[in-house]
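Notes follow the structure.
Convention: sequence-line order gives letters A, B, ...; per-chain numbering from 1. The model shown is predicted, which means the values in this text are computed figures rather than measured ones. Side chains included, hydrogens not; waters and symmetry mates left out as well; all remaining heavy atoms used.
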Protein chains: 2
Amino acid sequence: MASRRKITGQPGDTPAEAPRKQDTLYVSSLAKGLKLLKVFNRTNTHLSLTEMVKLSGMDKSAVQRLANTLMVEGFLHRDPDTKRFRPTHAWLGLAYAYYWSDSLVALAMPKLIELSQRLGETVNMAELSDTSIVYVARLPCQRTNYEATLIGRHLPALSASPGQAILSTWPEADWRAAVETWPLRQMTARTTMDRAELARQMARTAERGFSITQDQMILNEIGISAPIRGADGLAHGAVQCSVSAFHWTPERVERELVPYLLDTANSIAPAGRG
Amino acid sequence: MASRRKITGQPGDTPAEAPRKQDTLYVSSLAKGLKLLKVFNRTNTHLSLTEMVKLSGMDKSAVQRLANTLMVEGFLHRDPDTKRFRPTHAWLGLAYAYYWSDSLVALAMPKLIELSQRLGETVNMAELSDTSIVYVARLPCQRTNYEATLIGRHLPALSASPGQAILSTWPEADWRAAVETWPLRQMTARTTMDRAELARQMARTAERGFSITQDQMILNEIGISAPIRGADGLAHGAVQCSVSAFHWTPERVERELVPYLLDTANSIAPAGRG
DNA sequence: ATACCCAGTATCATATAATAATACAATTTG
DNA sequence: CAAATTGTATTATTATATGATACTGGGTAT
């Protein structure tokens, strides 16, 4: 590796390229294989070998071997005609396994279904994952767009209403630190990028016990979230309801949705830790 | 490896232990890492190092290194207190990526939502994966149990109504071969294990264009499925409705559910191949 | 208390198994 | 039909994964 090092690294590469992680208890071949899985996303769905090479920044031979291994093990499917790789049902199998390890979802599910039928609007459940929230359960209604039906989506916690609801249950110093440092991404023209403004919203959320956001992820979308508190008062997750600003005003939301949302969130009592 | 081979292999091991797959384009370290992921399932949700060793049949040191790598890469979480590993939200992130690669789900989703609201009963969509069906979309209703809300579940295609519906669109010789050879598992006391009987059911299904099963996965559960046909007439997936035998009779199902189910399935037109 | 046992952690010499260059085949493109 | 691009196969080289072993610490029973 000393002599045959990568000479320059193409300018388009991911920055820094992560020189070496640890040593003895780090299996880099496994890490590279996982990296190849992560290359598939919303825009990269059916990839050729060379595309995988470009996107992963790894060597052609390496990608060849890793992709082949993933195929043999059932994690990638190769279309014999186009020679392109795509994810397999094994990826859903992992989600299935995940759900059995997350007791909070099991607790919440019946209440979420009930809420969704009562409100007739999209109901979601999200959990915090580092500085993002992740949708773990989704009950769509007719006018829900496809993206909003998909579990596993990660969003910046600061901008999404479930994130704000969860954070608001933290000690004030903690959530203020998060508001200062956690990443933000301009998703729509109106996504709040002003951290001072976010801090004000958070203060209001902490005070009221629920969060309301608008135009943050999609224009004309109103998100309302209530935290699911544990015995220690800290939130493990949040129940979210998503409605259209065409049909709803913040006032009506607060009158007709929030009470049910809070009721549902409060009725979900996490046992120990999720 | 010639000298330090595994001496005997404990009697409890998985059979044969897969001596070697291929050689030059097979990265066994990656395969082992994936094997470790597969160890997590419905019953094994939070695993200690030694449990992972037992379940995977791999060396203690190997598991140590692989698990550590999976943790560093964000695919396993370790509880600092119990020292146990569990799946992370990355597992749901893979499901999210999967959904963008499966255009059939995107096509079907709005129709499935509509159907679920019209019927007020659990509506699912499943796809064939080898000899299993996999649930790719689920719209639960109040009395749906937790397991039936989870995507990614694999079931023997021969026993599940979506599997029968899909198979019934194949040329008769093909589905007959499947009925003869594909695996069966006794899930309830009444799961049909008689292949001749299954063949009769399949013939009926092929004739009628939809399948009805009862007591196959859960007692008192009736499953009704309609195939989603492509341009070639072959099914890429199936729409399923699941109801309780306490509230429904096969006759009423056929009158009040089947027409809507068929209508929904027919309105989903797969473009090219999923 | 103390000794034991078991689970988790760390270290290291060894050679297996991953590497990346290269060559070949099969495409698609001009 | 040539040229370029992508996918496939082969190989020498050594970096990297291996698994035995030893260390640490918590829990339990003696």
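Between A/Glu73 and B/Lys35 no salt bridge is recorded (no basic side-chain N to carboxylate O distance below 4.0 Å). A salt bridge between B/Glu180 and B/Arg176 is absent, with no side-chain N of the basic residue lying under 4.0 Å from a carboxylate O of the acidic one.
In this structure, CG of B/Leu66 is placed 14 Å from C1' of C/dA17, rounded to the nearest angstrom. Protein atom CG of A/Asp81 is 15 Å distant from nucleotide atom C1' of C/dA26, rounded to whole Å. Spacing between atom CD of B/Gln64 and atom P of C/dT11 amounts to 11 Å, rounded to whole angstrom units. A straight line from NZ of B/Lys54 to C1' of C/dG8 spans 13 Å, rounded to a whole angstrom. The CG-P distance, from B/Asn68 to D/dA17, rounds to 12 Å in whole Å. Nucleotide C/dA18 holds its P atom 12 Å from the CG atom of A/Leu30, rounded to whole Å. We find that CG of A/Leu49 is positioned 15 Å from P of C/dT27, with the value rounded to whole Å. As a whole-Å value, the separation of A/Asp59 CG from D/dT13 P is 18 Å.
Remark: the B/Lys60 side chain and the D/dG19 base include no donor-acceptor N/O pair separated by less than 3.5 Å. Judged by distance alone with a 3.5 Å cut-off, a donor-acceptor contact links the side chain of B/Arg65 to the base of D/dG19. With hydrogens and angles left out, the side chain of B/Ser61 and the base of D/dA20 share a donor-acceptor pair within 3.5 Å.
The phosphate of D/dT5 has neither OP1 nor OP2 within less than 4.0 Å of any side-chain N or O from A/Thr50. Distances shorter than 4.0 Å separate some side-chain N or O of A/Ser28 from OP1 or OP2 on D/dA17. Residue A/Ser29 places none of its side-chain N or O atoms closer than 4.0 Å to OP1 or OP2 of D/dT16. For the OP1/OP2 pair of C/dT19 and a distance below 4.0 Å, the side-chain nitrogens and oxygens of A/Lys32 include at least one atom meeting the criterion.
Ring orientation note: the planes of A/His89 and B/Tyr98 are tilted relative to one another, at an angle of 30° to 60°.
For the residue pair A/Tyr135/A/Glu127, the side-chain donor-acceptor check at 3.5 Å is not satisfied. Residues A/Tyr96 and B/Glu147 have side chains that bring a donor and an acceptor to within less than 3.5 angstrom of each other.
You'll find that the side chain of A/Leu25 is closest to C/dA10, out of C/dA21, C/dA10, C/dA7. In this structure, the nucleotide among C/dA20, D/dA17, C/dT9 sitting nearest to the side chain of B/Lys83 is C/dT9.
Among the protein residues, A/Arg84 comes within range of no part of the nucleic acid, since none of its heavy atoms lies under 4.0 Å from any strand.
Look at the P atom in both D/dT13 and C/dT14: the space between them is 22 Å, to the nearest Å. The separation of C/dC12 from C/dT16, taken at their C1' atoms, amounts to 16 Å, rounded to a whole angstrom.
Between A/Phe85 and B/Ala62, the residue anchored closer to the 5' end of DNA chain D is A/Phe85, taking for each the nucleotide with the nearest heavy atom.
B/Tyr146 approaches A/Tyr99 most closely through the heavy-atom pair OH-O, 3.2 Å.
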